[in-house]
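All values below were derived from every heavy atom in this structure, side-chain atoms included, with hydrogens, water molecules and symmetry-related copies excluded. Residue numbers begin at 1 in each chain, while the letters A, B, ... track the order of the sequences. Bear in mind that the values here come from a model prediction, so they are computed numbers and not experimental data.
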Number of protein chains: 2
Amino acid sequence: MTNIRKVAELAGVSVATVSRTLKTPAIVSPGTRDRVLAAVEQAGYRPNLMAVQFRSQRTRNLVVLVPTIANTFFARVIGGIQEAAQRRGYGILLCNTLGDERTEQAYAGLVSTRQADGLIQLRAYDPFTASDGKARPPMVNACEVLDKSPCPTVKLDNRAAARVVTEHLLTLGHRRIGMIKGPLNSPLTRDRLLGFQDALATAGLMSDESLWCPGDFTPPSGHRAAGDLLSRADPPTAIFCENDEMAMGAMRRIKEAGLRVPEDISVAGFDDIAFASFCDPSLTTIAQPAENFGREAVSLLLDIIDGRDDAADEHRIMPFELVVRESTGPAV
Amino acid sequence: MTNIRKVAELAGVSVATVSRTLKTPAIVSPGTRDRVLAAVEQAGYRPNLMAVQFRSQRTRNLVVLVPTIANTFFARVIGGIQEAAQRRGYGILLCNTLGDERTEQAYAGLVSTRQADGLIQLRAYDPFTASDGKARPPMVNACEVLDKSPCPTVKLDNRAAARVVTEHLLTLGHRRIGMIKGPLNSPLTRDRLLGFQDALATAGLMSDESLWCPGDFTPPSGHRAAGDLLSRADPPTAIFCENDEMAMGAMRRIKEAGLRVPEDISVAGFDDIAFASFCDPSLTTIAQPAENFGREAVSLLLDIIDGRDDAADEHRIMPFELVVRESTGPAV
DNA sequence: CAGCTTAATGTAACCGGTTACATTTCATGA
DNA sequence: TCATGAAATGTAACCGGTTACATTAAGCTG
């Protein structure tokens, strides 16, 4: 393996001179510089960055924990993370955790053991355990955020957004509105449910828990939940789904039952994934700046890593927007 | 920072004993072992893996170059890569290249500079340049594969699969079949086009190049291309799209034109993404074992890294399956 | 209990860069 | 010519583990 000593020998100089030629050429005399560069070229030398990292105690890698990469929304967030990190000279160690805490802890260990400089968690769970040492490693929690987060966060005001969607449905005259929820233990699900109830309460309606169906953010779960709602004696005239994937599954199920969207039942989603405007009917949903979630998270994390500690307790709220398309219409 | 020397001091033993206690406890006497473990606990010690890697010259990281993470098919492939890598103790450095060769070369440099042990490229491009040294770093090319690859490959027989889809359309009586292509310079696009032509030729039909529209694998491009096809004097009775994302865009456009799928026009896709069975109508497409592409690629790459050189020139062909759903029907 | 084997532990070199500090070279001015 | 200082270059410690080899302690046999 060609290392710096080989190059030094080849150029007839010391290792220090080779290192200086590559890092601070200005302080090396032109003649020596040329000889060294020729030797580098001849030997095909590439510095071993593992050694550099080891010396500098910085890997310039960030760990990213994603509940599931198959979700189109997260894919966009990751895109934003990746772009921002790359621009600042950092690489991304991606982990598709599938919500498994053991896996998350294992990857968090990469930070504790210095294989990465910091961590971005996209799920509401703190992967650092006591065994990770006393000092908390740099971390940012984004998208799905812990209520009492031990680190900076980047989130949406899910409660407000859900209220806006629900108000939209109420304005259209819907009174019986079904709800397809996300995973039960998630603060995100809870907040969207709260916003949903807020809007109903403001409109003077009782919320009917029998119209809440569990789902897991995948199309099949939306399909199943919609089937459940349709089988009721008095089915809802509109369904609010906590994400677009489930909304697409639900629309499919409604059409299989011979009903039309939105003429018979309205459907609203959440996230505005790429397919939302291309499915049939196109989906009314909440648009989130997914890529910006990623960029903000990286920016906050690097602030911590670089010791700009004024960032240590920041909690950013990202904007959202109701996008009304074809899947919602007046109540029958 | 607590390092092995601090722990050794705390336990009243040498650094070697600490190292042995953690790596090969069997050769340490029980009494010493207990004292060392107590000291490790007390100090909150986690070994600095950067030092371990540096010593062993192995990072246990793999670089993965993805053309675009927003594509549902690639998301599944990455899931497979990630799972297989994790099981074998490797982490993934993910790069969303967007097809930019400079970015790809930069990430390939991580391997040349020992920040990663190998690379998986999901696009038909060799990111290693001459400057990466004479010995080719470990690499595997999967999904979209170079014709003359300098490394092992994992691919689908795209030509055969496209032929099967086309034969399906021909069997349904279609004679004018439109084609929405992927990016022009890709071997994948070329192979699917060849398979399409093969089937037409076998059926004794001339292929009509005016029915080939360019796309870029995104829903909007499928939408645009379908609009283009519909505006022809004599539009096709079926459209074969080179991936499902474009097929969904195309179906949307067809319905916007007041036509029905499949009654007026049939649409077929490629990849069988999660939404293919939940859109309306559900999509006839080619199912690929996406996760297995990832697993195979990891397996081949680790064979190379571990010096099982019998793998150095392997080219695996993955199976496919035509999934007939609602979007294709008899020609009118 | 000497003599020998085996188990347990310690010492220090090593991986490949970086950089503080030491040393050499060279130009300049007295 | 020599002293002086700046510029160029060299030497070696260091980062934190691992491990070959050396050393010491313990156990066993006759």
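If you measure from atom CD of B/Gln53 to atom C1' of C/dC14, you get 17 Å, rounded to the nearest angstrom. Nucleotide D/dG17 holds its C1' atom 15 Å from the CZ atom of B/Arg46, rounded to whole Å. The nearest whole Å value for the distance from the CZ atom in B/Arg58 to the C1' atom in D/dT18 is 16 Å. In this structure, A/Arg33 places its CZ atom 14 Å from C1' of D/dT9, rounding to the nearest Å. A/Glu9 places its CD atom 19 Å from the P atom of D/dT9, with the value rounded to the nearest Å. Note: CD (B/Gln57) to C1' (C/dG17) measures 11 Å, nearest angstrom. B/Met50 places its CE atom 18 Å from the P atom of D/dC14, with the value rounded to the nearest Å. Across the protein-nucleic acid pair, A/Leu22 atom CG and D/dT9 atom C1' stand 15 Å apart, rounded to whole Å.
Looking only at atom types and distance, the side chain of B/Asn141 has no donor-acceptor partner in the side chain of B/Thr153 under 3.5 Å away.
Between B/Arg5 and B/Phe54, the residue anchored nearer the 5' end of DNA chain C, judged by the nucleotide with its closest heavy atom, is B/Arg5. Heavy-atom nearest nucleotides on DNA chain D were determined for B/Arg55 and for A/Ile27, and the one closer to the 5' end corresponds to A/Ile27.
Between B/Ser29 and C/dT9 there is a side-chain N or O to OP1 or OP2 distance below 4.0 Å. Taking only side-chain nitrogens and oxygens, A/Thr17 comes nearer than 4.0 Å to OP1 or OP2 of D/dG10.
Put simply, the side chain of B/Arg114 and the base of C/dG16 share no donor and acceptor less than 3.5 Å apart.
To the nearest 0.5 Å, the span separating CZ on A/Arg35 from OG1 on A/Thr21 amounts to 9.5 Å.
In this structure, the side chain of B/Ser299 does not engage the main chain of B/Arg295 through any donor-acceptor pair within 3.5 Å.
Nearest to the side chain of A/Asn48, among D/dT9, C/dT9, C/dG16, sits C/dG16. Of the candidate nucleotides C/dT18, D/dT19, C/dC15, D/dT19 has the atom lying nearest to any side-chain atom of B/Ala16.
The residue A/Ser19 sits close to a base: some heavy atom pair falls under 4.0 Å.
Of the candidates A/Asn96, A/Thr103, A/Thr97, A/Thr103 is the only one forming a side chain to side chain donor-acceptor pair (under 3.5 Å) with A/Asp100.
Salt-bridge check for A/Asp126 with A/Lys148: failed, with every basic side-chain N at 4.0 Å or more from each acidic carboxylate O.
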